[in-house]
> 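Before we start, here is the structure in question, set down as structure tokens.
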Amino acid sequence: MDKPVVIYEPFRAGLPPMWEYFASLWSRRAFISEFSRSGLRQQNYGSLFGQLWLILNPLLLSAVYFLLIYVIGGSSDATRFGHLTATLFLFYLIANSLTGGVKAITSGERLILNTSFPRIMLPISATVIALFKFLPTVVVFTVIHLLIGLPFSWQMLWAVPILFIAVVMALGMSILISCINVYFRDISSILPYLTRSLLYLSPILYEADSISESIKKFEILNPLFYLLDSWSRVVVHAEAPTMNGLIHASLWALGLLLIGSYIFLSRERDFAVRL
């Protein structure tokens with residue numbers, strides 16, 4: 001059976017035929033799954049020590065920060081450690097998606113130049129890999145939750161939609177930064193400092209309620225602030241998230257996904273020239 005002929009026309013910014021594009025993307029869902037598994041195997045995810053490091057890395061970081069808070073503040077408690085651990089685990093879902101997404105296009109140069117497929121599959125695969133890395137930490141935090149005696153309630157079911165919002169936000173960031181890196185390669189070198197700044201500006205080392213209202217009003221500019229605050233309220237304190245927090249996180253997630261996808265799809269045919 002002859003393969004369909006693909007004609008590459010001169011680049012012109014604009015969206016491709018969306019129905020055909022997403023139909024092609026959906027037909028390649030098995031490839032996305034296998035490509036993500038291949039990326040995980042490349043990072044030694046299939047080995048015992050590879051999976052163990054995924055858990056130990058944020059756990060050790062949480063322990064260091066907890067000790068630092070104890071030394072500086074003079075006191076702390078189990079709830080603070082639970083908050084640190086829970087929010088760091090979710091933060092690493094976003095950070096790993098960004099780290100994988102930033103070079104998703106530039107590292108797939110051979111694939112892009114030799115094969116016709118929706119290029120957005122590559123940053124999507126980076127987010128899928130980040131999600132697979134996050135899943136073992138859910139089990140670890142459940143054990144920590146039991147050991148330190150944090151409360152349980154039905155309100156904790158809010159964790160499912162909050163996690164969905166986090167995945168959508170991570171996907172939007174991954175798509176956007178993968179496109180930006182094609183044109184500005186230095187963004188991959190700056191990314192570690194950007195993610196570290198996000199960590200310090202987000203309610204991880206502290207809880208959202210502990211900062212003053214004069215500072216909190218600027219946190220609307222931080223896409224992770226209310227997302228992590230809602231996550232902590234639900235999985236640490238077993239409380240329902242605030243409606244303001246859910247709306248803020250949802251708008252950021254949807255906005256990043258729509259803007260990132262539009263920029264990516266409108267520039268996609270230019271990638272082969274830029275690589």
> Is there a path of hydrophobic side-chain contacts, each under 4.5 Å between heavy atoms of I/L/V/M/F/W/Y residues, joining Y193 to L198?
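Different clusters.
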> Checking F152 now: which residues fulfil side chain to side chain contact (heavy atoms under 4.5 Å, CB included) with it, not counting sequence neighbours?
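Here the qualifying residues are H145, L146, M156.
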> Mind listing the closest non-hydrogen atom pair of G101 and I177 along with its distance?
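It is C-CG2, 4.0 Å.
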> Which heavy atom of P151 sits nearest a heavy atom of A238, and at what distance?
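Taking every non-hydrogen atom into account, O-CB, 3.6 Å.
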> If you take all heavy atoms of V236 and G82, which pair is closest and at what distance?
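Result for this residue pair: CG2-O, 3.7 Å.
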> Of all heavy-atom pairs between S266 and I263, which one has the smallest distance, and what is that distance?
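S266 and I263 have their closest heavy atoms at OG-O, 3.0 Å.
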> Does any pair with a residue in residues 241-260 pass side-chain hydrogen bond (donor to acceptor under 3.5 Å, both in side chains), and if so which ones, sequence neighbours excluded?
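For residues 241-260, and leaving out neighbouring residues, the side-chain hydrogen bond (donor to acceptor under 3.5 Å, both in side chains) pairs sorted by first residue read H248-W252.
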> My understanding is that only residues two or more places apart in sequence, or in another chain, count here; which of them pass side chain to side chain donor-acceptor pair (under 3.5 Å) with S97?
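Applying side chain to side chain donor-acceptor pair (under 3.5 Å) to S97 gives T127.
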> Is the backbone N or O of R119 less than 3.5 Å from a side-chain atom of E268, with the two atoms forming a donor-acceptor pair by type?
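At least one qualifying donor-acceptor pair exists.
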> If the condition is side chain to side chain contact (heavy atoms under 4.5 Å, CB included), which residues does D186 pass it with, not counting sequence neighbours?
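None.
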> When you compare the side chain of L163 with that of F134, does any pair of heavy atoms fall below 4.5 Å?
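The answer is yes; the side chains approach within 4.5 Å.
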> Can you check whether S202 reaches F225 side chain to side chain, under 4.5 Å on heavy atoms?
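No - every pair of side-chain heavy atoms lies 4.5 Å or more apart.
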> Would you indicate whether the side-chain heavy atoms of M18 and L265 approach each other to under 4.5 Å?
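L265 reaches M18 side chain to side chain.
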> Would you please test L199 and L88 for side-chain contact (heavy atoms from CB on, under 4.5 Å) and show each step?
CA-CA 8 Å; L199 188 149; L88 269 176; 4.0 Å; yes
> Mind checking the CD1-CD1 spacing from I144 to I148? Nearest 0.5 Å is all I need.
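Rounded to the nearest 0.5 Å, the CD1-CD1 separation comes to 7.0 Å.
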> Which atom pair, heavy atoms only, marks the closest approach of Y183 to D270?
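Scanning both residues completely, I find the closest heavy atoms to be OH-OD2, 2.9 Å.
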> Measuring only between side-chain heavy atoms, which start at C-beta, is I162 closer than 4.5 Å to P241?
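Yes; the side chains approach each other to less than 4.5 Å.
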> Taking only residues two or more places apart in sequence, or in another chain, which ones meet R28 in a side chain to side chain donor-acceptor pair (under 3.5 Å)?
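R28 satisfies side chain to side chain donor-acceptor pair (under 3.5 Å) with S24 once adjacent residues are dropped.
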> I need the full list of side-chain hydrogen bond (donor to acceptor under 3.5 Å, both in side chains) pairs touching residues 82-92, with sequence neighbours left out, sorted by first then second residue.
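For residues 82-92: S62-T85, H83-S232.
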> So which atom in R233 and which in D209 form the shortest heavy-atom distance, rounded to 0.1 Å?
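Where R233 meets D209 most closely, the heavy atoms are NH2-OD1, 3.3 Å.
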> Would you confirm whether R185, through its side chain, and N181, through its main-chain N or O, come within 3.5 Å as a donor-acceptor pair?
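Flag set: sc R185 to bb N181 pair under 3.5 Å.
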> In the single-linkage hydrophobic clustering (I, L, V, M, F, W, Y; side-chain heavy atoms under 4.5 Å), do V138 and L90 co-cluster?
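Hydrophobic grouping puts V138 with L90.
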> Hydrophobic cluster mates of V160, side-chain heavy atoms under 4.5 angstrom, ILVMFWY only, any path?
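ILVMFWY cluster around V160 holds nothing else.
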> Decide whether W231 and L251 are clustered together by the hydrophobic rule: side chain heavy atoms of Ile, Leu, Val, Met, Phe, Trp, Tyr closer than 4.5 Å, transitively.
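Per the 4.5 Å side-chain linkage, W231 and L251 are not co-clustered.
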> Check whether more than 12 heavy atoms from other residues, nucleotides or ligands sit under 6.0 Å from atom CE of M243, and answer yes or no.
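Open: at most 12 neighbouring heavy atoms sit under 6.0 Å from CE of M243.
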> Report yes or no: do V139 and F81 belong to one cluster of Ile/Leu/Val/Met/Phe/Trp/Tyr joined by side chain heavy-atom distances under 4.5 Å?
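Result: no, two separate clusters.
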> Got a sec, which pairs hit side-chain hydrogen bond (donor to acceptor under 3.5 Å, both in side chains) with one end in residues 146-156, sequence neighbours left out?
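Found Q155-W158.
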> Residues two or more places apart in sequence or in another chain: which of them pass side chain to side chain contact (heavy atoms under 4.5 Å, CB included) with I190?
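Only L194 meet the side chain to side chain contact (heavy atoms under 4.5 Å, CB included) criterion with I190.
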> Less than 3.5 Å apart, which donor and acceptor atoms pair up between the side chains of residues 165-176 and the rest of the protein, not counting sequence neighbours?
residue, atom, partner, partner atom, Å
S174, OG, P123, O, 3.2

> Is the number of heavy atoms from other residues, nucleotides or ligands under 6.0 Å of L258 CG greater than 12?
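Atom CG in L258 is packed in, count exceeds 12.
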> Spell out, as yes or no, whether a donor-acceptor pair under 3.5 Å connects the side chain of N96 to the backbone of I129.
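No.
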> Taking side chain to side chain donor-acceptor pair (under 3.5 Å) as the test, write out the residues that go with E207, two or more places apart.
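H237.
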> Centroid-to-centroid, F271 to F264, below 6.0 Å?
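Yes; F264 has its ring centre under 6.0 Å from that of F271.
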> How would you list, by chain and number, every residue that makes a side chain to side chain contact (heavy atoms under 4.5 Å, CB included) with R29, sequence neighbours excluded?
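Per chain and number, R29 pairs via side chain to side chain contact (heavy atoms under 4.5 Å, CB included) with W26.
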> Please answer: with hydrophobic residues joined when any side-chain heavy atoms are less than 4.5 Å apart, are Y206 and I204 in the same cluster?
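The answer is yes; both residues are in one hydrophobic cluster.
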> Looking at L84, V235, V140, which one forms a side-chain contact (heavy atoms from CB on, under 4.5 Å) with F89?
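Between F89 and the candidates, side-chain contact (heavy atoms from CB on, under 4.5 Å) is satisfied uniquely by V140.
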> Can you tell me how far CG of L224 sits from CD of E219, rounded to the nearest 0.5 angstrom?
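Reported to 0.5 Å precision, the distance equals 10.0 Å.
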